S.K.: 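One structure follows; several queries about it will come next.
Remember, it's a predicted structure, so these values are computed and weren't measured experimentally.
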Amino acid sequence: MDKKEKEVELLSFGYLYGLPEQADMVLDVRGLKNPFYEPRLKALTGRDKAVQDYIFAFPESRDYLEKAMALVELHLQLWEKGHYPTVRIAVGCTGGRHRSVAMVLAMAQRLEAGGWRVTVRHRQID
């Protein structure tokens with residue numbers, strides 16, 4: 001099986017509502033700056049460019065994305081050799097509306113550019 005025959009499912013979620021039932025890998029972005037506390041961003045989600053710009057304006061967010069992607073890519077290289085058709089990666093923040101959503105979207109963009117089939121779900125905002 002090659003990349004095109006396999007799928008990466010990315011899920012954003014909120015720890016307030018519990019861990020996802022199924023995930024092969026869980027990443028926690030609660031340590032990143034939270035747009036929820038910015039009045040102009042609170043009602044938005046990580047799908048909004050203003051929230052994404054806010055989150056990735058901080059070096060620690062960009063560093064987290066780089067290091068998380070290195071780990072995910074290693075995991076996928078190992079997984080690619082197996083017979084499992086799907087890998088599920090969950091990214092959580094407190095409420096599942098801002099940081100985890102933006103991080104999942106950034107990860108999806110990179111994985112798709114690398115040739116992976118990617119499905120994205122946002123548990124708290126879909």
Side-chain angles (χ1 to χ4, degrees):
M1 288 184 143
D2 66 14
K3 289 179 184 180
K4 294 291 184 193
E5 296 173 2
K6 295 186 178 229
E7 181 177 26
V8 180
E9 289 182 3
L10 295 174
L11 170 71
S12 69
F13 73 97
Y15 277 94
L16 284 175
Y17 309 100
L19 289 165
E21 288 186 24
Q22 291 186 336
D24 299 306
M25 177 184 287
V26 177
L27 301 172
D28 184 345
V29 295
R30 289 178 289 181
L32 302 180
K33 298 275 188 189
N34 193 346
F36 177 85
Y37 297 110
E38 294 293 325
R40 68 183 177 84
L41 302 175
K42 184 176 182 174
L44 302 177
T45 74
R47 287 179 172 151
D48 294 294
K49 185 173 180 346
V51 171
Q52 295 169 6
D53 289 348
Y54 174 87
I55 290 168
F56 291 107
F58 298 99
E60 58 267 24
S61 298
R62 296 188 305 271
D63 189 41
Y64 188 98
L65 175 60
E66 293 303 319
K67 290 178 178 170
M69 286 305 301
L71 179 61
V72 166
E73 288 167 358
L74 174 61
H75 182 76
L76 292 176
Q77 286 172 9
L78 298 171
W79 168 80
E80 190 176 13
K81 296 173 186 171
H83 301 288
Y84 302 102
T86 304
V87 66
R88 293 169 183 88
I89 301 169
V91 180
C93 63
T94 306
R97 296 185 48 80
H98 297 100
R99 295 167 290 179
S100 62
V101 173
M103 190 63 67
V104 158
L105 292 174
M107 292 171 70
Q109 186 177 24
R110 288 183 177 212
L111 290 169
E112 287 169 345
W116 293 96
R117 280 190 313 124
V118 179
T119 299
V120 171
R121 282 191 320 120
H122 304 292
R123 188 175 77 178
Q124 265 50 73
I125 62 174
D126 284 344

S.K.: Under the rule for salt bridge (charged side-chain N to carboxylate O under 4.0 Å, His left out), what residues qualify as partners of E66, not counting sequence neighbours?
M.R.: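 Here the qualifying residues are R110.
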S.K.: Looking at every non-hydrogen atom in both residues, tell me the closest pair between C93 and H98 and how far apart they are.
M.R.: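 It is SG-N, 4.3 Å.
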S.K.: With K67, which residues qualify under salt bridge (charged side-chain N to carboxylate O under 4.0 Å, His left out), at least two apart?
M.R.: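 K67: salt bridge (charged side-chain N to carboxylate O under 4.0 Å, His left out) contacts with D63.
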S.K.: Quick one: list whatever passes side-chain hydrogen bond (donor to acceptor under 3.5 Å, both in side chains) with S12, sequence neighbours left out.
M.R.: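 In terms of side-chain hydrogen bond (donor to acceptor under 3.5 Å, both in side chains), with neighbours along the sequence ignored, S12 is linked to H122.
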S.K.: With side chains defined as the heavy atoms from C-beta onward, is the minimum distance between L111 and L10 less than 4.5 Å?
M.R.: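 They are in side-chain contact.
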S.K.: To check you understand the geometry: which heavy-atom pair defines the closest contact between L76 and W116, and what is its length?
M.R.: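 Residues L76 and W116, closest heavy atoms: CB-CZ2, 3.6 Å.
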S.K.: Salt bridge (charged side-chain N to carboxylate O under 4.0 Å, His left out) with D53: which residues, sequence neighbours excluded?
M.R.: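 Only K49 meet the salt bridge (charged side-chain N to carboxylate O under 4.0 Å, His left out) criterion with D53.
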S.K.: Please list, one pair per line, the donor and acceptor atoms closer than 3.5 Å that link side chains of residues 33-47 to other protein atoms, with sequence neighbours excluded.
M.R.:
residue: N34; atom: OD1; partner: F36; partner atom: N; Å: 2.9
residue: T45; atom: OG1; partner: R47; partner atom: N; Å: 3.1
residue: R47; atom: NH2; partner: D126; partner atom: OD1; Å: 2.4

S.K.: Taking transitive links into account, so neighbours of neighbours count too, which hydrophobic residues share a cluster with L74 at under 4.5 Å side-chain distance?
M.R.: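 Via sub-4.5 Å side-chain contacts, L74 links to L78.
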S.K.: Check ring-ring contact (aromatic ring centres under 6.0 Å, His included) between Y15 and all other residues, then give those that pass, not counting sequence neighbours.
M.R.: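 So Y15 forms a ring-ring contact (aromatic ring centres under 6.0 Å, His included) with F13.
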S.K.: Please find the pair of heavy atoms, one from L71 and one from M25, that lie closest to each other, and give the distance.
M.R.: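 Closest heavy-atom pair between L71 and M25: CG-CE, 4.1 Å.
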S.K.: Measuring from atom CD of Q124 to atom OG1 of T94, what distance do you get when rounded to the nearest 0.5 angstrom?
M.R.: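 It comes to 11.0 Å.
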S.K.: Using the test side-chain hydrogen bond (donor to acceptor under 3.5 Å, both in side chains), find all partners of T86 that sit at least two apart in sequence or belong to another chain.
M.R.: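 side-chain hydrogen bond (donor to acceptor under 3.5 Å, both in side chains) list for T86, sorted by chain: empty.
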S.K.: So, for D24 and V87, which heavy atoms are closest and what is the spacing to 0.1 Å?
M.R.: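 Distance-wise, the nearest heavy atoms are OD2-CA, 3.3 Å.
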S.K.: Between L105 and V26, is there shared hydrophobic-cluster membership here, with clusters defined by ILVMFWY side-chain heavy atoms closer than 4.5 Å?
M.R.: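 No, separate clusters.
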S.K.: Once side-chain hydrogen bond (donor to acceptor under 3.5 Å, both in side chains) is applied, do any residues pair with R30, and if so which ones, sequence neighbours excluded?
M.R.: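 Listed in chain order: D28.
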S.K.: Identify the two heavy atoms, one from Q52 and one from A102, that lie closest to each other, and give their separation to 0.1 Å.
M.R.: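 Smallest heavy-atom distance, with atoms named: CG-CB, 4.0 Å.
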S.K.: So which atom in L32 and which in E60 form the shortest heavy-atom distance, rounded to 0.1 Å?
M.R.: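 Looks like CD2-O, 3.9 Å.
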S.K.: Can you list the other members of the hydrophobic cluster that holds Y17, where links are side-chain heavy atoms under 4.5 angstrom apart?
M.R.: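 Joined to Y17, directly or through intermediates: L16.
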S.K.: Is any side-chain heavy atom of V91 less than 4.5 Å from a side-chain heavy atom of R99?
M.R.: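 No, their side chains stay 4.5 Å or more apart.
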S.K.: By ring-ring contact (aromatic ring centres under 6.0 Å, His included), which residues pair with F58, not counting sequence neighbours?
M.R.: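 Counting only residues at least two positions away or on another chain, F58 forms a ring-ring contact (aromatic ring centres under 6.0 Å, His included) with Y54.
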S.K.: Is it possible for you to say whether L11 and M103 belong to one hydrophobic cluster, with membership spreading through side-chain heavy-atom contacts below 4.5 Å?
M.R.: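 Result: no, two separate clusters.
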S.K.: I want to check something: taking the side chain as every heavy atom from C-beta on, are V72 and M107 in contact at a cut-off of under 4.5 Å?
M.R.: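 With C-beta onward as the side chain, the pair touches.
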S.K.: Tell me, please, which residues at least two apart from R88 pass side-chain hydrogen bond (donor to acceptor under 3.5 Å, both in side chains).
M.R.: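 Partners of R88 by the side-chain hydrogen bond (donor to acceptor under 3.5 Å, both in side chains) criterion, ordered by chain and then number, come out as E9.
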